[in-house]
Structures are given as structure tokens and as C-alpha cells.
Peer 1: 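Take a look at the following structure, please.
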Amino acid sequence: MTNRHRVAVLVLPGVLALEFGTATQIFSTDPHYELTVCAESGPGPVPGSGFAITVTAGLDALDDADTVIISGYENLDAVPSAGFLAALRATHARGARLVSICTGAFVLAAAGLLDGRPATTHWRQAEQLRRRYPRVKVLPNQLYVDDGDILTSAGVTAGIDLCLHLIRTDLGAAAANTHARDLVAPPRRRGGQAQFIEQFRPEASGDELAPLREWMLDNLADPLTVDDLAERAHMSRRTLIRRFREETGTTPIAWLTDARIDRARELLEASDAPVEQVGRLTGFGAPASLRAAFHRHLGTSPQEYRTLFRHKAEPTQT
């Protein structure tokens, strides 16, 4: 087949196996794409996390690549060389599409290519990306971000979602759906759907209001207001809001909402409680309110979340 779309998968030392495998498996099996695995060091072995990859090309493979995919890697403190970053900038300047999976976004940011642009990475590293590169508009909850010529994604399954999105963009929905069936993956998850992070409520940096937060967790079903919380803490409304933000980085009501979402997720994953009961137990009340909160925070419905994430024991086969 002529005029195949050229994909270069760029690997760094400490490359993560699943992120690397995602890109290479999807694009190496499609006859519309021509895949090259490359590294700054040129042909030869590149150490990964517990394995090594034998690459076939150096950075010169970027010269004629239509799409460059940067796999996630382990040591985020290892900044690529100036020559490596310059090659990425030149590749982008001539019009190639740049894609990162998981922590590969740190490489794009180091090259200055994400300055002023929206991007995402794995939720565990999102705050580190924001601190290290404050000009990047980090969207920590999104599965992937398509900003035209630069696309970024979260962890392994989000990398699959993004690769399928690329195929859908290049070849259409039928081709993407065929790949999804081969991978036994959902045919389409929107990039704006939230990453299912461990918990929404932020960790506190102070403990003066720790007893209040514990009390809030024990009383999520109650219709709590800022005035209720201020009275409980023996503070004025203004003082409570100020000190709560100092300790958690957010407001009492926002923290309460996040805690309710966390509890609702636990109930949906681990119990058979109907959605109506989950809403009552977590203080959201009517199912419509719970659904609205889930769509706002997670980009999905409570029932869809339960289907994806609850873990029930399979019946014993006899």
C-alpha cells in the first residue's frame, strides 16, 4: 500500500511497557500505517521498566513522520537533551501531529510545546505537571485532550482511547470500531470523560479542622450548609471558609460535594444499593441530583459507573 501514514513511536529510557505496547500494537497491525520505533540514542536497546526495547531508528525518523507518539516513561526528573527537544519542536513546526500517552506529556511540556495549551496526563502526575510547567493548562480529570495538532492522554486505557480516536479521525468510525473489537475495548469513550481518580476530595495540609471534616464524612446524608459547619466549628462563616481553604485548597461545600461523590462511588462499586438509595445516603437526594453530580464530575452516569467498576464475585463453576 502506498502513501501510508507514517507513525513514529518515540521511546525514552525507563519507558513503560503498557503505554509503549498500546501504540505499537494498534498501529503496527493496521495496513494504513507504517510504524517506526525510535530513540535519541539510535538503533539499539533502550532500557524500560524491567525490560529493554530494541529500536530501529534514531531521531532522524521524525523528519518524515506524520504522527509522533511519545510513550510514558518512569523517571520524570530525567529531562531529555536539548537536541531531543529541538527535534520535537522542529517536527511540530513542519506540521506533524504530536501525541503523548500518560507521562509522555512531560516531554512535550519540556519542549515548550504545551505552553498555553490544554493537556492531560495520569491523574497521579497531574499536579506535578502543573507545578513544573505552570504555563500548561492541565486538565487532570480528562481521559485525553485533542488540541488539534497536539494530543495528550492519561494512563493505559486512556491511551487506547486516544489511539482509537486517532484512527477514527484518520480512517473513520468503522475502522476504529474494528480495532476496538480486536482489543476488546469500548469503541468510543469521549476525551472529556473523567479519569476515575482514587478520590476527589483533596488531602488536607493542616489539621485544625480535621475533626470537622471527619464529622462531615460521618454526616454526608444530612443537608449541611456553610452556616451549619461554621456553628459546628465555633467560627464565623468567613473565618471557616478562609481556614478551610488554607487547609484543603477548596471551600467547605466543594469539599463536601467531592466527599459525597467519593462515597457514592464506593457504594456503587461495593453494594447492591439502588441509585435512589445511594442518592439519599450521600446527601444528593433525588436520583436526578446524583446523576447531575456524576455527569459534572465524572462525565458518566451512576449506573454506567457501576457497570464499569463494581466488582462482584463470580459464581463458582461446578
Side-chain angles (χ1 to χ4, degrees), residues 5-16 19-20 22-24 27 33 35-41 46 55 57-155 158-159 161-163 165-167 169-170 191-192 195:
H5 187 106
R6 294 179 293 273
V7 176
V9 177
L10 188 53
V11 297
L12 287 84
V15 63
L16 300 173
E19 283 81 349
F20 169 76
T22 292
T24 53
F27 290 103
Y33 296 94
L35 182 76
T36 302
V37 179
C38 59
E40 181 177 19
S41 56
V46 174
V55 302
L59 294 182
D60 55 338
L62 304 184
D63 294 342
D64 59 359
D66 300 303
T67 294
V68 176
I69 300 176
I70 305 169
S71 301
Y73 63 107
E74 193 170 40
N75 185 7
L76 300 182
D77 293 326
V79 179
S81 70
F84 181 102
L85 299 179
L88 266 186
R89 287 191 288 267
T91 300
H92 178 252
R94 68 167 177 78
R97 181 173 61 185
L98 303 185
V99 178
S100 69
I101 297 177
C102 195
T103 53
F106 282 77
V107 176
L108 294 175
L113 295 170
L114 295 181
D115 288 356
R117 303 183 72 147
T120 194
T121 187
H122 192 288
W123 62 268
R124 289 190 186 276
Q125 281 76 42
E127 185 57 33
Q128 184 177 352
L129 181 65
R130 179 184 285 113
R131 287 196 309 268
R132 188 176 297 183
Y133 303 104
R135 296 184 64 184
V136 180
K137 299 177 181 177
V138 180
L139 304 177
N141 290 340
Q142 296 204 8
L143 293 178
Y144 61 85
V145 174
D146 181 347
D147 197 37
D149 55 346
I150 296 183
L151 302 91
T152 55
S153 70
D161 294 325
L162 179 52
C163 289
H165 172 73
L166 293 174
I167 292 173
T169 300
D170 295 341
Q195 297 184 47

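This structure is a prediction, so every number in the text was calculated from the model and none was measured. One is the number of the first residue; the rest follow in order along the sequence.
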Peer 1: Mind running side-chain contact (heavy atoms from CB on, under 4.5 Å) on Val11 and Tyr73 for me, showing each step along the way?
Peer 2: CA-CA 8 Å; Val11 297; Tyr73 63 107; over 6 Å; no

Peer 1: Please lay out, stage by stage, how Ser41 and Val46 fare under the test side-chain contact (heavy atoms from CB on, under 4.5 Å).
Peer 2: CA-CA 8 Å; Ser41 56; Val46 174; 4.1 Å; yes

Peer 1: Side chains of Arg97 and Asp66, heavy atoms from C-beta outward: is any pair under 4.5 Å?
Peer 2: no

Peer 1: Applying side chain to side chain donor-acceptor pair (under 3.5 Å), name anything that partners Arg89, two or more places apart in sequence or on another chain.
Peer 2: none

Peer 1: How close do Phe84 and Leu59 get, heavy atom to heavy atom, and via which atoms?
Peer 2: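 Between these two residues, the closest heavy atoms are CA-CD1, 3.9 Å.
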
Peer 1: Using side-chain heavy atoms (C-beta onward) and a distance below 4.5 Å, is Val37 in contact with Thr24?
Peer 2: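 They are in side-chain contact.
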
Peer 1: For Gly159 versus Ser153, what's the shortest heavy-atom pair and its separation?
Peer 2: CA-OG, 3.7 Å

Peer 1: If you round to the nearest 0.5 Å, how far is OG of Ser100 from CD1 of Ile150?
Peer 2: 9.0 Å

Peer 1: Do Ile101 and Ile69 touch side chain to side chain, with heavy atoms closer than 4.5 Å?
Peer 2: yes

Peer 1: Which residues pass the side chain to side chain donor-acceptor pair (under 3.5 Å) test with Glu127, not counting sequence neighbours?
Peer 2: Arg130

Peer 1: Any ion pair linking Asp63 and Arg6 (charged N to carboxylate O, less than 4.0 Å)?
Peer 2: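 Salt bridge between Arg6 and Asp63, a charged N being under 4.0 Å from a carboxylate O: no.
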
Peer 1: Looking at every non-hydrogen atom in both residues, tell me the closest pair between Ala105 and Leu114 and how far apart they are.
Peer 2: O-CD1, 3.6 Å

Peer 1: Looking only at non-hydrogen atoms, find the nearest pair between Leu62 and Cys38 and report the distance.
Peer 2: CD2-SG, 4.1 Å

Peer 1: Do the rings of Phe106 and Tyr133 sit parallel, tilted or perpendicular, given the 30° and 60° boundaries?
Peer 2: perpendicular

Peer 1: Going by heavy atoms in the side chains, are Leu12 and Ile70 under 4.5 Å from each other?
Peer 2: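 Yes; the side chains approach each other to less than 4.5 Å.
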
Peer 1: Begin with the C-alpha distance, continue with both residues' side-chain angles, and end with the deciding distance and a verdict on side-chain contact (heavy atoms from CB on, under 4.5 Å) for Asp77 and Arg132.
Peer 2: CA-CA 10 Å; Asp77 293 326; Arg132 188 176 297 183; 3.0 Å; yes

Peer 1: With no hydrogens and no angle check, is any side-chain donor or acceptor of Thr121 less than 3.5 Å from a backbone partner on Ala126?
Peer 2: no

Peer 1: Does any part of the side chain of Gln142, heavy atoms only, come nearer than 4.5 Å to the side chain of Thr152, both counted from C-beta?
Peer 2: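 Heavy-atom side-chain distance check fails, nothing below 4.5 Å.
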
Peer 1: Classify the side-chain pair His122/Thr103 by whether it contains a donor and acceptor separated by less than 3.5 Å.
Peer 2: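 His122 vs Thr103: no donor-acceptor pair found between side chains.
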
Peer 1: Do the non-hydrogen side-chain atoms of Val68 and Val99 ever get within less than 4.5 Å of each other?
Peer 2: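 SC-SC contact between Val68 and Val99 ruled out.
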
Peer 1: Tell me the closest heavy-atom pair linking Ser71 and Val15, and the distance in Å.
Peer 2: CB-CG2, 3.8 Å

Peer 1: Please name all residues satisfying salt bridge (charged side-chain N to carboxylate O under 4.0 Å, His left out) with Arg117, sequence neighbours left out, ordered by chain then number.
Peer 2: Asp147, Asp149

Peer 1: State, to 0.1 Å, how close Ala158 and Leu143 come at their nearest heavy-atom pair, and which atoms those are.
Peer 2: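 Here Ala158 and Leu143 meet closest at CB-O, 3.3 Å.
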
Peer 1: Any non-hydrogen side-chain atom of Cys163 less than 4.5 Å from a side-chain atom of Phe27?
Peer 2: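 A side-chain contact exists here, since the closest heavy-atom pair is under 4.5 Å.
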
Peer 1: Side-chain contact, heavy-atom cut-off 4.5 Å: Val7 with Thr36?
Peer 2: no

Peer 1: So if I apply the side chain to side chain contact (heavy atoms under 4.5 Å, CB included) rule between Leu151 and each of Thr169, Leu108, Leu166, which one comes out positive?
Peer 2: Leu166

